[in-house]
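See structure below.
Just follow the structure's listing: the first ligand is 1, and inside any ligand the first atom is 1. Side chains are part of it too, since the values below use all heavy atoms of this structure and drop only hydrogens, waters and symmetry mates.
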Amino acid sequence: MSAATSTRSATVAAEKAAVSAAALQGPAQTPATQRLRLISSKQLESHKTASSLWVTYKGNVYDVTEFAPDHPGGDDLILEYAGKDMEEIMDDIDSHSHSDSAYEILKENLVGRLPITQEEHAALAEAENGGADFTGKDDELVITADFQPSDTDLTSDFEKHAFLDLNKPLLVQVWNGTWGKEFYLQQVHSPRHLKESARLFKSPFLEMFTRTPWWVVPLVWAPISAALFQRATSQFAANALKRATATAAAKAAASSAASSAPSSSAFASFRQLLAGSGSAALAAAKQAQINQTQPEILASVAPAALASTLACFATGVVIWTILEYTMHRFLFHVDEMLPDRPFFLMLHFLLHGIHHYLPMDRLRLVMPPLLFAVLEFPFTRLAYALFPVAIANGIISGAFAMYVVYDVMHYSLHHHRLPQYLREMKAYHLAHHYKNYEEGFGVTSKIWDWVFGTEL
Ligand code: HEM
């Protein structure tokens, strides 16, 4: 190859590299509009091994863990740059003139960007130290029942944290978010406060389903609980009535048998033959005796049925308190086991994340009926599978009634001035939001936090 040809091909290669590299945007000059997860140098440091390998290029951070073993030049070349900037070597045509597909691979593995402005550096440092804005975890914070958070400045919040723009529908932003789980959890547990309810969807129709005023909960679930209570009571009464009627019938049969005591079976057959309708008369006599005792039976089964239903109802109330704790701790705060995928982050956000992100949003404080219907379904099925229907109905009635108490109380803890016990629970619950979201899961009481060692 002549010198001229090699110079020309080197120039062409250099231009190609420049074009390919240009396809990869470095950090934008307006960081707030480029919604990329901010990554600190400390975070970068923790991804420098073959099992978690991050590199940077033009200020962006790429996770090349999966690609490295397939690198045509060998994984050792990439490992050398673990946690470091590769701009020089990637674009160095003397080392290797990387094709467009090399830059494409980088693009597919983008995880975030390094901070540029002083504010971004400061925000990251604050986040790492659990600083002032990040009140979701702040041991120093003193929470009283009069705690009143101040409103968030929407524009500067977005500029500073590059998380969600509260001026725009939130759900699509969570879905498109390029930040990872760690950053999402940190941000979502840092409460923001708006005057109005935040918007989840652009479509007013969809938006309607995401807003639930507190009174919807008693309106929907209290009648269902009452109907189940009534049904359990009548089922208990019907069962008791059946048993008592059977006993009365047995007694009636025994007494009529004694009065007509046949001396021999041949004699009985002869009497019945003479009477013609002997068996019908016997049945009528039996029924008359049962009817005579019916009001007595009813009077005795009604209080017993009520007592049985009340016992099941009380069991349901206790079961709800356990469910309240376990669902809050292990489902709503499934944080550690949550897969680091947009779909799961979005589910987390819908289920409970939004409540921690905007804890005072009045229309996102109680569960929409549809959500509760989905959550309760497996538990009520289980109750019907395990217990006779009357017992199951009584238990479910108690659990639903306590759920209504829980959700209305939850709303009040956030928004009302309350009497003594509730004031204490208010400070306790707000501490779960603003002090340590990994403890204090009980809302109606601290009992299960105390039992399982998560008391705040
Ligand atoms: C994570 C960043 C990297 C990516 C995504 C990447 C990607 C690729 C790809 C796709 C190829 C195949 C040929 C091509 O398409 O250009 C390649 C080849 C090569 N790369 Fe990289 N590369 C990276 C980092 C590096 C580094 C840091 C070096 C260090 C010098 C390097 C050196 C080479 C060499 C020498 C070849 C040619 C191998 C051969 O054909 O025998 N690469 N790279």
Contact atoms of ligand 1, heavy-atom distance to [X] under 4.0 Å:
X: S101; result: 15 (O)
X: V64; result: 1 (C)
X: I89; result: 27 (C), 29 (C), 30 (C)

Donor-acceptor pair between H348 and D335 side chains, under 3.5 angstrom: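 On atom types as modelled, these side chains qualify, holding a pair under 3.5 Å.
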
Under-4.0 Å salt bridge between R364 and E207: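 Between E207 and R364 there is a salt bridge, with a charged N closer than 4.0 Å to a carboxylate O.
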
Ring geometry between Y437 and H333 (parallel below 30°, tilted from 30 to 60°, perpendicular above 60°):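 Rings of H333 and Y437: parallel, under 30°.
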
Whether H429 and H433 hold their rings parallel, tilted or perpendicular, with breakpoints at 30° and 60°: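 Plane angle over 60°, so perpendicular.
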
Candidates E439, H328, E438 - the one meeting side-chain hydrogen bond (donor to acceptor under 3.5 Å, both in side chains) with H432: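 Of E439, H328, E438, side-chain hydrogen bond (donor to acceptor under 3.5 Å, both in side chains) with H432 is met by H328 alone.
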
Min N/O separation S95 to ligand 1 under 3.5 Å: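 No - when backbone and side-chain N and O of S95 are compared with those of ligand 1, no distance drops under 3.5 Å.
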
Least distance between heavy atoms, W175 atom then F343 atom: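 Here W175 and F343 meet closest at CZ3-CA, 3.6 Å.
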
Minimum heavy-atom distance between P115 and I39, given as atom pair plus value: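 P115 and I39 have their closest heavy atoms at CD-O, 3.2 Å.
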
Polar protein atoms (N, O or S) that approach atom 21 (Fe) of ligand 1 to under 2.8 Å: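 Sorted hits: H71 NE2, H98 NE2.
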
Nearest protein heavy atom with distance in Å, relative to atom 15 (O) of ligand 1: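 Going by distance alone, atom 15 (O) of ligand 1 is nearest to S99 OG, 2.4 Å.
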
For atom 4 (C) of ligand 1, closest protein heavy-atom neighbour: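 Its nearest protein heavy-atom neighbour is F67 CE2, 3.4 Å.
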
Between F67 and Y62, ring centroids under 6.0 Å: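 No; Y62 has its ring centre 6.0 Å or more from that of F67.
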
Within reach of ligand 1, part of M86 (heavy-atom separation under 4.0 Å):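 Under 4.0 Å from ligand 1, M86 contributes side-chain atoms alone.
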
Single hit among V443, L456, L413 for side-chain contact (heavy atoms from CB on, under 4.5 Å) with Y428: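 So the option named by the test is L456.
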
